[in-house]
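Note sheet for the following structure.
All ligand and atom numbering here is 1-based and tracks the order in the structure. For clarity, every value in this text was computed on a predicted model and none was experimentally measured.
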Amino acid sequence: MAFSQSDATRAVREGAPLDLRGAQVWQGFLDAAAQRALLDDIRAIMRAAPPVQPVTPRGRPMSVCMTAAGRFGWISDRGGYRYVETHPAGAPWPAIPPRVRAIWDAVSGCGRAPECCLVNLYGEGARMGLHQDRDEADFGCPVVSVSLGDAGLFRVGNTTRGGPTESIWLHSGDVVVLGGRARLAHHGVDRIRFKSSQLLEEGGRINLTLRVVT
Ligand code: SIN
Ligand code: FE2
């Protein structure tokens with residue numbers, strides 16, 4: 001069974017998200033069939049726009065590999081962090097798949113369409129340090145994140161650096177909304193539990209983040 005808009009709407013109607021310092025965590029938002037369907041969409045994105053391993057502006061390789069769909073992708077290299085309208089190899093990014101868009105429509109509470117679906121690929125040992133998503137023009141729109149594959153330990157802090165943080169293990173099919181007071185909260189992934197999920201034969205974690213950029 002493929003994931004549909006009505007599945008997503010039903011999940012929102014029937015449940016309530018957990019609150020993690022203002023971040024809304026929809027546990028088990030996508031069932032196994034919906035996760036597999038989404039994986040097909042992500043594999044198509046990766047064929048059209050092969051993932052790259054970004055380097056920080058200081059030249060340090062990140063442990064996460066990235067690609068994107070939508071009008072914009074997000075890259076980091078010696079020139080800095082930024083949204084760009086083409087893959088480093090030169091082609092425009094593939095379109096955001098309708099199934100991904102349906103998740104946004106169900107949980108974002110935002111009238112605008114997502115302009116970027118960043119695809120983060122976590123292999124064994126990959127992590128993402130605490131950061132804010134602040135390269136977007138309109139902080140009234142949330143960032144929506146979808147987790148697939150191995151569990152990842154997600155940490156949410158504050159809008160300023162430092163202070164208390166709270167963590168939760170995100171599992172395959174979980175959806176997180178960073179909006180409202182959590183829109184500019186620092187967040188990151190401390191580690192993944194490699195091969196904790198059967199979704200990806202090769203192991204690893206995939207995270208999609210949907211953003212309005214302009
Ligand atoms: C991100 O902040 O871009 C990724 C978050 C995640 O992997 O869950
Ligand atoms: Fe982020």
ask   = With a distance cut-off below 6.0 Å to the six-membered ring centre and an angular limit of 45° from the axis, does Arg82 pair with Trp74 as a cation-pi contact?
value =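 Judged by the rule (NZ or CZ under 6.0 Å from the ring centre, within 45° of its axis), Arg82 is not positioned above Trp74.
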Could you tell me which atoms of ligand 1, counted from 1 in the order shown, lie closer than 4.0 angstrom to a heavy atom of [X]?
| X | result |
| --- | --- |
| His187 | 2 (O) |
| Val189 | 6 (C), 7 (O), 8 (O) |
| Met128 | 1 (C), 2 (O), 3 (O), 4 (C) |
| Arg205 | 6 (C), 7 (O), 8 (O) |

Side chains of Tyr83 and Arg211, donor plus acceptor under 3.5 Å =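 Judged by distance alone, the side chains do pair up.
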ask   = Angle subtended at the Fe ion (ligand 2) by OD1 of Asp133 and NE2 of His131, to 10 degrees?
value =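 Nearest ten degrees: 90°.
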remark   = So for Val176 against ligand 1, with non-hydrogen atoms under 4.0 Å, the contacting part is neither
Residue portion contacting ligand 1 (non-hydrogen atoms closer than 4.0 Å) for His186 =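 The answer is neither; His186 stays 4.0 Å or more away.
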query = Salt bridge check: are Arg183 and Glu136 linked by an N-O gap of less than 4.0 Å?
reply = yes
ask   = atom 4 (C) of ligand 1: which protein heavy atom is closest, and how many Å away?
value = Asn207 OD1, 3.4 Å
message = Would you say that Val189 contacts Arg127 through its side chain, given a criterion of any heavy-atom pair below 4.5 Å between the two side chains?
response = no
